[in-house]
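Basis for what follows: all heavy atoms, side chains included, without hydrogens, waters or symmetry-related copies. Order of listing sets the numbers, starting from 1, for every ligand and every atom in it. Owing to the predicted nature of the structure, the values given are computational and were not obtained by experimental measurement.
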Amino acid sequence: MLDAGGQYCHLIARKVRDLGVYAEVRASETPARELAGARGVIISGGPASVYDPGSPTVDAALFSLGLPVLGICYGQQLMAHALGGQVRRGEKGEYGMAALELDDSSDPLFAGLAGSQQIWMSHFDVVAAAPPGFHVTGRTSTCAIAAMADPNRALYGVQFHPEVVHTTRGKQYLSNFVFRVCGCTEDWDPRHRVPILEREIREAAGSRNVFFFVSGGVDSSVAFALCTRALGPERVRGVYVDTGLMRQGETDWVSRIPGLTVEHAEDRFLGALAGVTDPEQKRHIIGEEFVRVQERIVESRSLLDEHWILGQGTIYPDTIESGGTAKASLIKTHHNRVAGIQALIAAGRIVEPLKSFYKDEVREVGAELGLPAELLERHPFPGPGLAIRCLCSPVNAPVRQTPEGWLIPVKSVGVQGDERSYAPVIAIDSLDHDRAIEIVNRVRGVNRVVAPVETRVPVAHMQVWASELSAARIARLRRADAAVRALSHQSGYDRQVWQFPVILIPLGTAESPDSIVLRPIDSVDGMTARSVPMDPALRSAICAAVLEDPKIAGVFFDLTHKPPGTIEWE
Ligand code: XMP
């Protein structure tokens, strides 16, 4: 899988693995000779134009290795550009659903399929002329070369995205490429791998012991359990740092894991965060504090001596520069920056048993280890914890009526056109996702739309209050989060969503200065996300529980997808 900068690159690799075939992500420029051992190559989409200076390229020799190649979106354009076709700069983009008409029903990529197929497009440039040797295999009403092929050289291109769910038969196209064109066989199964992983851990550790920083999340817990099983509990140690920014019950829960000790650092973190309102500053302070605590632990326990190596729960997307979330890698950088840990890494004294696995595969390994579903099904929880879900304001500010709804001057982070935005929110009067999409696309300077579910007073009577990241507000958020989590678990709703942040915003009245925002989303990898509707009974139960706290003025529902709104508000 060659990464040409597309946000869907990992998704494609994962879909191939889901078919039972091992796939690895490499930089698009990887020299062709390094790819010679592969059965086939897929070039991902990406936001660039082949004409942009410095845009991702591939080694042209790739096309003469005799290896099957599938170019997707920008990948198809790169292929056309490299092989003598023509790419035209689009005047306007094409985004969304389209109907693919197949021209060549004998094409192996579309084998077993006929007629019109729903596909999903997201592109600006198009292939205007297929390269010599290619013929068109599919078109849409607006895209004359939606698919092209040169079966003699096993080269295939598609302008649309087979990896996304909106391309109804996408799995079939990928399966056709992998099995029919490349001739792969099913040989990848993330399950039943525990004995192999144990052997790898024993080889990496030799006679040394393994030390972990465990977060309580799925990855580090599974890696820790694997090492414990491979080496025996007496040779594996873990520390969990309680930052005071964790969810209710988290520290108790984690401290039940055998071999783990808890390092209490609540006062240090909350002290350092006092008075802070800016989201980037919050992250920076937390990162720095983490470095200090880790440094102290590494030194005080003599972990630098030759008897210890470091275990980490790094998973596949974390190992790729462009993978995971930018912020997740930021947190990892903080951890890795600790001088003692850097020294261990530099000396190769590190074991990362999960580094070729995706999240869902890690869950399967965990199940094979017999870890409880309660642990494996945990939603992702960000390293900086509740701090990025507790919004602050430097000043008091009124809400303002606009033609779209109430403009609430609480700024939250969003991602618009690949740029980070930091903008206020609009509250509309109904839980209408379509209207929310329309507003956020049309109204400049806004990146989110919420709707009240239940409030003590109308939004018109609320204001934004000057507020900081205090222990009292974190505690308020922690209680609300625990209540929401319990109810969404009881109702089974937590299994319908990928993550469910609960946010505290400083919007309310003098007596009840804060409000809660519910942000349930569905996602594959956190890179994009959709706000998920909730049934009225659960909404009412949540409001009743949250509004038991007299300091909370109302419960709102975040209707925004990502993009333009990020998952976390920060
Ligand atoms: P955003 O807010 O960027 O979040 O849409 C995408 C995913 O990343 C998680 N996230 C983090 N995870 N450390 C982490 O380990 C962080 O600093 C961090 N920030 C965001 C977020 O919860 C979501 O799953």
K.L.:
With nothing but distance in play, are any N or O atoms of Lys562 less than 3.5 Å from an N or O of ligand 1?
P.N.:
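There is such a contact, yes.
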K.L.:
By number and element, which atoms of ligand 1 are closer than 4.0 Å to a non-hydrogen atom of Arg283?
P.N.:
16 (C), 17 (O), 18 (C), 19 (N), 20 (C)
K.L.:
Using a 4.0 Å cut-off to any heavy atom of Pro384, which atoms of ligand 1 qualify?
P.N.:
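In order of numbering, the contacting atoms are 13 (N), 16 (C), 17 (O).
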K.L.:
Answer with side chain, backbone, both or neither: which part of Trp498 has a heavy atom less than 4.0 angstrom from an atom of ligand 1?
P.N.:
side chain
K.L.:
I'd like to know if the side chain of Arg378 reaches the main chain of Gly216, judged simply by a donor and an acceptor atom lying under 3.5 Å from each other, with no hydrogens or angles considered.
P.N.:
yes
K.L.:
Output yes when Arg448 and Asp558 qualify as a salt bridge under the 4.0 Å nitrogen-oxygen rule, no when they do not.
P.N.:
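Result for this pair is yes, salt bridge flagged.
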K.L.:
Among Glu289, Glu570, Glu288, whose salt bridge (charged side-chain N to carboxylate O under 4.0 Å, His left out) with Arg283 holds?
P.N.:
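Exactly one candidate clears the test, Glu570.
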K.L.:
Who passes ring pair (Phe, Tyr, Trp, His ring centres under 6.0 Å) against His166, sequence neighbours left out?
P.N.:
Trp120
K.L.:
Pick whichever of Gly287, Pro501, Gly383, Gly526 has a heavy atom sitting closest to atom 15 (O) of ligand 1.
P.N.:
Gly383
K.L.:
Taking only residues two or more places apart in sequence or in another chain, which ones pass side-chain hydrogen bond (donor to acceptor under 3.5 Å, both in side chains) with Asp360?
P.N.:
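In terms of side-chain hydrogen bond (donor to acceptor under 3.5 Å, both in side chains), with neighbours along the sequence ignored, Asp360 is linked to Arg14.
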K.L.:
Considering only heavy atoms, which of Val415, Ile567, Ile388 lies nearest to atom 1 (P) of ligand 1?
P.N.:
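Selected option, by shortest heavy-atom distance: Ile567.
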K.L.:
What about Glu570: any of its N or O atoms under 3.5 Å from an N or O on ligand 1?
P.N.:
no
K.L.:
Is the side chain of Gln499 donor-acceptor paired with the backbone N or O of Pro380 at a distance under 3.5 Å, no angle test?
P.N.:
yes
